[in-house]
Amino acid sequence: MEIRVLQYFMAVARHENITKAAEELHLTQPTLSRQLSDLEDELGVQLLVRGKRKTQLTEAGLIFKARAQEILSLTEKTKEQFAKMDELVAGDIYIGAGETQAMACVAKVLAPLLSAHPVPSGQRQ
């Protein structure tokens with residue numbers, strides 16, 4: 001099962017029409033119909049009831065639609081996360097200083113940072 005085919009299925013579910021979905025996807029109607037038939041064969045269930053003007057989801061189609069939405073959402077979140085990896089900053093900060101009044105100021109400034117980004121237990125030094 002390919003992500004692309006899940007997107008095809010979702011377009012058909014959204015439009016309730018294979019021809020309109022094919023237009024949106026820039027595919028021919030026979031190509032889209034064949035992809036959906038292959039998906040149904042792969043799953044071993046009928047997902048769609050094809051009518052002349054309207055395509056409806058079967059009970060299995062409704063269940064599959066929910067799963068496809070979850071998978072596509074997770075795929076999108078994964079892409080976004082990896083696209084933002086260059087923006088992530090990680091590492092350790094070490095501050096060496098004597099026990100002076102200045103350390104109280106440093107601790108006060110660092111408290112909100114530690115609250116926002118807690119150190120996992122077992123890693124605090």
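- Criterion: ILVMFWY side-chain heavy atoms under 4.5 Å apart, direct or through other members. Under it, Leu62 and Val45 are part of a common hydrophobic cluster.
- Note on Lys20 versus Glu23: no salt bridge recorded, every NZ/NE/NH1/NH2 to OD/OE distance being 4.0 Å or above.
- Transitive grouping of hydrophobic side chains (ILVMFWY, heavy atoms separated by less than 4.5 Å) keeps Val49 and Leu39 in distinct clusters.
- Counting all heavy atoms, side chain and backbone alike, Gln46 lies closest to Ala60 at O-CB, 3.8 Å.
- Residues Ser73 and Lys77 meet the side-chain proximity criterion, which asks for heavy atoms closer than 4.5 Å.
- Looking at heavy atoms from C-beta onward, Lys54 lies out of side-chain contact with Asn17 at the 4.5 angstrom threshold.
- Heavy-atom minimum distance, Ala22 versus Leu32: N-CD2, 3.5 Å.
- Cluster annotation: Leu36 and Leu43 are assigned to the same hydrophobic cluster (Ile/Leu/Val/Met/Phe/Trp/Tyr, side-chain heavy-atom contacts under 4.5 Å, transitive).
- From Arg53, atom CZ reaches atom CD of Glu16 across 14.5 Å, with rounding to the nearest 0.5 Å.
- Within 6.0 Å of CD on Glu80 lie more than 12 heavy atoms contributed by other residues, nucleotides or ligands.
- Ser33 places no side-chain N or O within donor-acceptor distance of the main-chain N or O of Gln29, the cut-off being under 3.5 Å.
- Between the side chain of Glu2 and the main chain of Arg4, no donor-acceptor pair closer than 3.5 Å is present.
- Residues Leu74 and Glu70 form no side-chain contact, since every pair of their non-hydrogen atoms from C-beta on lies 4.5 Å or further apart.
- Under the 4.5 Å side-chain heavy-atom criterion for Ile, Leu, Val, Met, Phe, Trp and Tyr, Leu114 and Val109 are members of distinct hydrophobic clusters.
- Here the side chains of Gln56 and Leu48 are not in contact, with every heavy-atom distance at 4.5 Å or above.
- A donor atom on one side chain and an acceptor atom on the other are not found under 3.5 Å apart for Thr75 and Thr78.
- Remark: side-chain polar atoms of Glu76 are not paired, donor with acceptor, to backbone N or O of Ile71 under 3.5 angstrom.
- A salt bridge is defined here as a Lys NZ or Arg NE, NH1 or NH2 lying under 4.0 Å from an Asp or Glu carboxylate O, and Lys65 with Glu59 fails to meet this definition.
- Connection of Ile3 to Tyr8 is established within a shared hydrophobic cluster, with ILVMFWY side chains joined at heavy-atom distances below 4.5 Å, either directly or through further cluster members.
- Counting all heavy atoms, side chain and backbone alike, Met1 lies closest to Glu42 at N-OE2, 2.8 Å.
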For salt bridge (Lys or Arg N to Asp or Glu O under 4.0 Å), just list the numbers for Glu40 and Arg50, CA-CA rounded to whole Å, side-chain angles, deciding distance to a tenth of an Å, and then say yes or no. CA-CA 13 Å; Glu40 289 175 323; Arg50 294 156 177 86; 3.2 Å; yes
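- Put simply, the side chain of Thr58 gets close to the backbone of Leu47: a donor and an acceptor are under 3.5 Å apart.
- Contact detail for Ala68 and Leu6: the closest heavy-atom pair is CB-CD2, 4.2 Å.
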